[in-house]
2 protein chains.
Amino acid sequence: MAEMNEIFHRHLKSTGNKITSQRNLILKVFLGAEGHVSAEEIYQRAKVEDQTPGFTTVYRTLKLLVECGIARGEKFNDGHTRYEYDYQQQHHDHLICIGCGLVVEFYNEFIEREQDRVTREFGVETTHHTLKIFGNCRTCREIDRKATVG
Amino acid sequence: MAEMNEIFHRHLKSTGNKITSQRNLILKVFLGAEGHVSAEEIYQRAKVEDQTPGFTTVYRTLKLLVECGIARGEKFNDGHTRYEYDYQQQHHDHLICIGCGLVVEFYNEFIEREQDRVTREFGVETTHHTLKIFGNCRTCREIDRKATVG
DNA sequence: CTAAATGCAAACCATTTGCAACGGA
DNA sequence: TCCGTTGCAAATGGTTTGCATTTAG
């Protein structure tokens with residue numbers, strides 16, 4: 001995580017940008033959050049800390065983090081963009097519980113290979129893909145069951 | 001397509017709604033469009049015809065079409081929701097050209113089965129999934145090549 | 001000192017809603 | 001006639017931008 005600071009600062013300097021306390025805080029909050037955070041969540045978590053960057057700065061800083069390969073933004077179906085850690089991460093897909101919003105990452109070699117086959121078949125040169133599987137996790141099914149029975 | 005009219009009208013009646021010229025026109029335009037249309041596109045295409053439903057009515061009618069199983073809405077990454085025909089259609093995934101926006105539908109039994117295996121492994125009961133593969137189609141690669149060479 | 005950063009307010013853009021006029025059944 | 005529909009205008013919600021003020025280098 002200390003290295004992420006370095007990577008971020010290097011990126012800022014090389015593009016003529018400045019290192020600021022807000023940017024440092026947002027990076028720290030982003031790295032400290034597990035998994036998939038929205039700009040709103042970063043904003044709320046940052047508020048707890050010493051300083052309070054505005055929404056504008058959160059959005060602008062997340063864009064910088066995406067630029068330097070630390071974060072990756074993905075639009076989820078609730079209309080919010082979620083940001084996830086992406087530094088030297090292997091590609092993965094998402095399994096999402098529609099009950100509690102839990103997001104599980106997975107990687108499946110077979111699915112990846114089969115996708116390549118499909119795209120070749122259609123003469124398309126793949127750049128990237130997103131696979132999201134929606135369903136109910138064990139916990140949420142248990143809660144549903146109790147609610148129905150009770 | 002005449003049967004879609006019937007299905008739509010039956011749905012309207014059974015829910016205490018009324019059959020109007022705007023609703024009929026929007027259904028007609030939707031069925032006449034190939035593939036994946038946005039509300040905007042429906043609105044534009046309807047304008048050409050005799051009457052001109054407002055944006056509001058287009059959105060409200062598309063919601064009705066989704067309700068009765070004729071259409072299905074899916075958020076694409078440009079922020080627009082696209083609607084596609086969904087009456088007794090088999091599930092399918094999408095291959096999208098980032099150059100020209102071409103959308104190809106495909107179905108791959110192997111990928112479907114492998115997805116089921118993954119979800120079972122994580123104890124999740126799947127409800128649905130979306131797989132979008134992005135890339136460049138032959139035509140767009142050809143155009144790119146010429147632009148680079150020329 | 002000076003160009004970049006911040007953050008408020010206002011703008012955006014797709015979609016939704018309030019409401020008064022309109023139109024099927 | 002009567003309740004649902006229409007469509008304008010205004011609201012919404014996530015995200016971006018203009019601009020005057022502040023700050024890093």
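Naming: A, B, ... by sequence-line order, numbering from 1 per chain. All figures in this text were calculated on a predicted structure; none of them were measured in a lab.
With rounding to whole Å, A:Leu62 atom CG is found 13 Å from D:dT16 atom C1'. In this structure, NE2 of B:His80 is placed 15 Å from P of D:dT15, rounded to the nearest angstrom. Summarising the geometry, the separation between NZ on A:Lys75 and P on D:dG13 is reported as 19 Å, rounded to the nearest angstrom. Rounded to whole angstrom, the span from the CG atom of A:Asn24 across to the P atom of D:dT23 amounts to 16 Å.
The other members of the hydrophobic cluster of B:Phe122, by chain and number, are A:Leu95, A:Leu102, A:Val104, A:Phe106, A:Ile111, A:Val118, A:Phe122, A:Val124, A:Leu131, A:Ile133, B:Leu95, B:Leu102, B:Val104, B:Phe106, B:Ile111, B:Val118, B:Val124, B:Leu131, B:Ile133 (side-chain heavy atoms under 4.5 Å, ILVMFWY only).
Along DNA chain C, the nucleotide nearest B:Ser38 and the nucleotide nearest B:Ile19 are compared for position; the residue whose nucleotide lies closer to the 5' end is B:Ser38.
By the side-chain hydrogen bond (donor to acceptor under 3.5 Å, both in side chains) test, A:Ser14 pairs with no residue at all, sequence neighbours left out. By the salt bridge (charged side-chain N to carboxylate O under 4.0 Å, His left out) test, B:Arg120 pairs with no residue at all, sequence neighbours left out. Qualifying side-chain hydrogen bond (donor to acceptor under 3.5 Å, both in side chains) partners for B:Thr126, counting only residues two or more places apart in sequence or in other chains: B:Thr119. Residues passing the salt bridge (charged side-chain N to carboxylate O under 4.0 Å, His left out) test with A:Arg82, sequence neighbours excluded: A:Asp78. Partners of A:Asp116 according to the side-chain hydrogen bond (donor to acceptor under 3.5 Å, both in side chains) rule, which considers only residues two or more places apart in sequence or in another chain, do not exist here.
For the salt bridge (charged side-chain N to carboxylate O under 4.0 Å, His left out) condition, the pairs that include at least one residue of residues 99-111 of chain B, sequence neighbours left out, are B:Glu109-B:Arg113. Legend: ring-ring contact (aromatic ring centres under 6.0 Å, His included) pairs involving residues 56-80 of chain A, not counting sequence neighbours, sorted by first then second residue: A:Phe76-A:His94. For residues 7-27 of chain B, the salt bridge (charged side-chain N to carboxylate O under 4.0 Å, His left out) pairs, not counting sequence neighbours, are B:Glu6-B:Arg10.
Helix-axis bend for the helix from C:dC1-D:dG25 to C:dA25-D:dT1: the local axis fitted to the five terminal pairs at one end deviates from that at the other end by 20°, rounded to 10°.
Between B:His91 and B:Tyr107, the two ring planes are perpendicular [angle over 60°; tilted spans 30° to 60°].
The hydrophobic cluster containing B:Val29 also contains B:Val66, counting ILVMFWY residues as joined when their side-chain heavy atoms lie under 4.5 angstrom apart, directly or transitively.
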Readout for nucleotides 3-12 of chain D: B = base within 4.0 Å of protein heavy atom, S = sugar-phosphate only, - = neither; 5' to 3' it is BSSBBBB---

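Side-chain nitrogen and oxygen atoms of A:Tyr59 include none within less than 4.0 Å of the OP1 or OP2 phosphate oxygen of D:dT16.
Nucleotides of DNA chain C lying under 4.0 Å from heavy atoms of chain B occupy a range whose first and last members, 5' to 3', are C:dA14 to C:dA25.
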